[in-house]
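Note sheet for the following structure.
If you're wondering where the values come from, they're calculated on a predicted model, not measured in any experiment.
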2 protein chains.
Amino acid sequence: MARERLMERDQRYTTGRRRIVEALTSTGAPVTLPALLQLAPELSQSSAYRNLAIMEEAGVVRRLVHGAEHAHYELAEDLTEHHHHLICEDCGLITDVTLDASLERSLDRAFEGLADESGFSPRHHAIDIFGRCASCA
Amino acid sequence: MARERLMERDQRYTTGRRRIVEALTSTGAPVTLPALLQLAPELSQSSAYRNLAIMEEAGVVRRLVHGAEHAHYELAEDLTEHHHHLICEDCGLITDVTLDASLERSLDRAFEGLADESGFSPRHHAIDIFGRCASCA
DNA sequence: TTGCTTGCAAATGATTTGCACTGCT
DNA sequence: AGCAGTGCAAATCATTTGCAAGCAA
């Protein structure tokens, strides 16, 4: 899947890129760049950044920005499934959650309604739930 | 209100801070630092950053980070009202929206449920709706 | 070969900080 | 007077980029 997405954009699925995708697949949760380099120490920082940017563009990777610190990276939703994020305000840990399908449907309906009122056309949404994770509680 | 929040933290409500609050009040939408300085040209960049950080800490201001560019600042929800953001993927414009109270209630209920399953205790949430604004459509 | 990729080191740019000065209290 | 707040210029630090060398089609 990742390979196809890249090929469509005339991008190669190189070893470095495969390593990144494998690392993101193996850890279920979004990771920072330093964390990614720990998972795959043979990657060089600049190439990792460059390849993440290319794969983000190609729809393989998603970049999350939350505080001022490092951004987090995860596989794009088409390669996984639609989900949201629990963010621990103490330690910065980010984990995934999925909401009930009917609730998602209600949200989408509400968002569509905005188009009429304001002229804004929604494409996708992201919900961040801030709080305390189990280990920081 | 802003003054009280600052006083509680033994912070003064100085002219510079008042100017920032007034500027944020006058433009309904979240603004970047450069935009804020345009609204209030007598502010100096470093003091504006410093005061925004202090007021964020005091719960007067909220900082939003979305792409890689400048962060956006707005008045904290206790000084305004609970709302979410429409983000234009073309021009970066951010505007506020409020959802139906019953939908918010369903969301909160769903989030509370997470505490039981995962041990995560939710404090607040933010919904970002990405798409095209009226002028970029 | 020809051009995309890589890794290193250097550059960028938003935000932060040191410091001397001003202004409340 | 005494300490918090300000503005300037310099420092930070995540991320990006230039460039020479490596590798794949």
Side-chain angles (χ1 to χ4, degrees), chain A residues 2-24 30-58 60-74 87 92 94, chain B residues 2-24 30-58 60-74 87 92 94:
Chain A
R3 164 169 238 126
E4 286 75 1
R5 283 279 188 298
L6 286 167
M7 303 271 249
E8 284 165 15
R9 306 247 177 174
D10 300 304
Q11 295 288 349
R12 300 180 189 163
Y13 193 48
T14 62
T15 309
R17 292 174 192 173
R18 181 155 359 94
R19 290 235 172 86
I20 291 173
V21 170
E22 284 163 0
L24 293 180
V31 289
T32 62
L33 193 107
L36 178 64
L37 296 182
Q38 287 215 312
L39 290 173
E42 65 282 4
L43 296 176
S44 88
Q45 190 191 56
S46 64
S47 297
Y49 272 121
R50 212 159 2 204
N51 286 327
L52 285 165
I54 288 167
M55 293 197 285
E56 184 186 11
E57 177 67 24
V60 174
V61 158
R62 175 147 66 136
R63 179 186 196 198
L64 312 173
V65 198
H66 287 111
E69 4 66 41
H70 288 96
H72 286 73
Y73 297 89
E74 65 179 359
I87 302 170
I94 302 184
Chain B
R3 163 169 239 127
E4 285 75 1
R5 284 278 190 297
L6 286 166
M7 304 271 249
E8 284 164 16
R9 306 250 177 171
D10 299 304
Q11 295 287 348
R12 298 180 191 167
Y13 193 49
T14 62
T15 310
R17 292 174 191 173
R18 182 156 358 96
R19 290 234 172 85
I20 291 173
V21 170
E22 284 164 359
L24 294 180
V31 290
T32 62
L33 193 106
L36 178 63
L37 296 182
Q38 286 214 313
L39 290 173
E42 65 282 4
L43 296 176
S44 87
Q45 190 190 55
S46 63
S47 296
Y49 271 121
R50 212 159 1 204
N51 285 327
L52 285 165
I54 287 165
M55 292 197 287
E56 184 186 11
E57 177 66 25
V60 174
V61 159
R62 177 149 64 137
R63 179 185 196 199
L64 312 173
V65 199
H66 287 109
E69 4 67 42
H70 287 96
H72 285 73
Y73 297 90
E74 66 179 0
I87 302 169
I94 303 184

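For A/Glu42 and C/dT5, the CD to C1' distance is 16 Å, given to the nearest whole Å. Put simply, CD on B/Gln11 is 14 Å from C1' on C/dC24, counting in whole angstrom units. Taking atom CD of A/Glu57 as the reference point, atom C1' of D/dT16 lies 16 Å away to the nearest angstrom. In this structure, B/Tyr13 atom OH and C/dG23 atom P are separated by 20 Å, rounded to whole Å. At whole-Å resolution of the value, CG in A/Leu43 and C1' in C/dC8 are 15 Å apart. Atom CZ in A/Arg18 sits roughly 14 Å away from atom C1' in C/dT5 (whole-Å rounding). Atoms CZ (A/Arg19) and C1' (C/dT6) sit 13 Å apart, rounded to a whole Å. We find that CZ of A/Arg12 is positioned 16 Å from P of D/dG22, with the value rounded to whole Å.
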Evaluation steps, salt bridge (charged side-chain N to carboxylate O under 4.0 Å, His left out), between B/Glu56 and B/Arg63: CA-CA 7 Å; B/Glu56 184 186 11; B/Arg63 179 185 196 199; 5.3 Å; no

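With sequence neighbours excluded, the residues that form a side chain to side chain contact (heavy atoms under 4.5 Å, CB included) with B/Ala2 are B/Tyr13, B/Val21, B/Val60, B/Leu79. Checked against salt bridge (charged side-chain N to carboxylate O under 4.0 Å, His left out), B/Glu42 has the following partners two or more places apart in sequence or in another chain: B/Arg19. With sequence neighbours excluded, no residue forms a side-chain hydrogen bond (donor to acceptor under 3.5 Å, both in side chains) with A/His72. Scored by the salt bridge (charged side-chain N to carboxylate O under 4.0 Å, His left out) test, B/Glu57 finds B/Arg9 as partners (sequence neighbours excluded).
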Tabulate below the donor-acceptor pairs under 3.5 Å that side-chain atoms of residues 43-50 of chain A make, not counting sequence neighbours, or state none.
from, atom 1, to, atom 2, distance (Å)
A/Ser44, OG, A/Ser47, N, 3.4
A/Ser44, OG, A/Ser47, OG, 3.3

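Considering only side-chain N and O atoms, B/Asn51 lies nowhere under 4.0 angstrom from the phosphate OP1 or OP2 of D/dG5.
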Do any N or O atoms of the protein come closer than 3.5 Å to N or O atoms of nucleotides 15-21 of chain C, and which pairs are they?
from, atom 1, to, atom 2, distance (Å)
C/dT15, OP1, B/Ala71, N, 3.0
C/dT15, OP2, B/Tyr49, OH, 2.3
C/dT15, O5', B/Tyr49, OH, 3.3

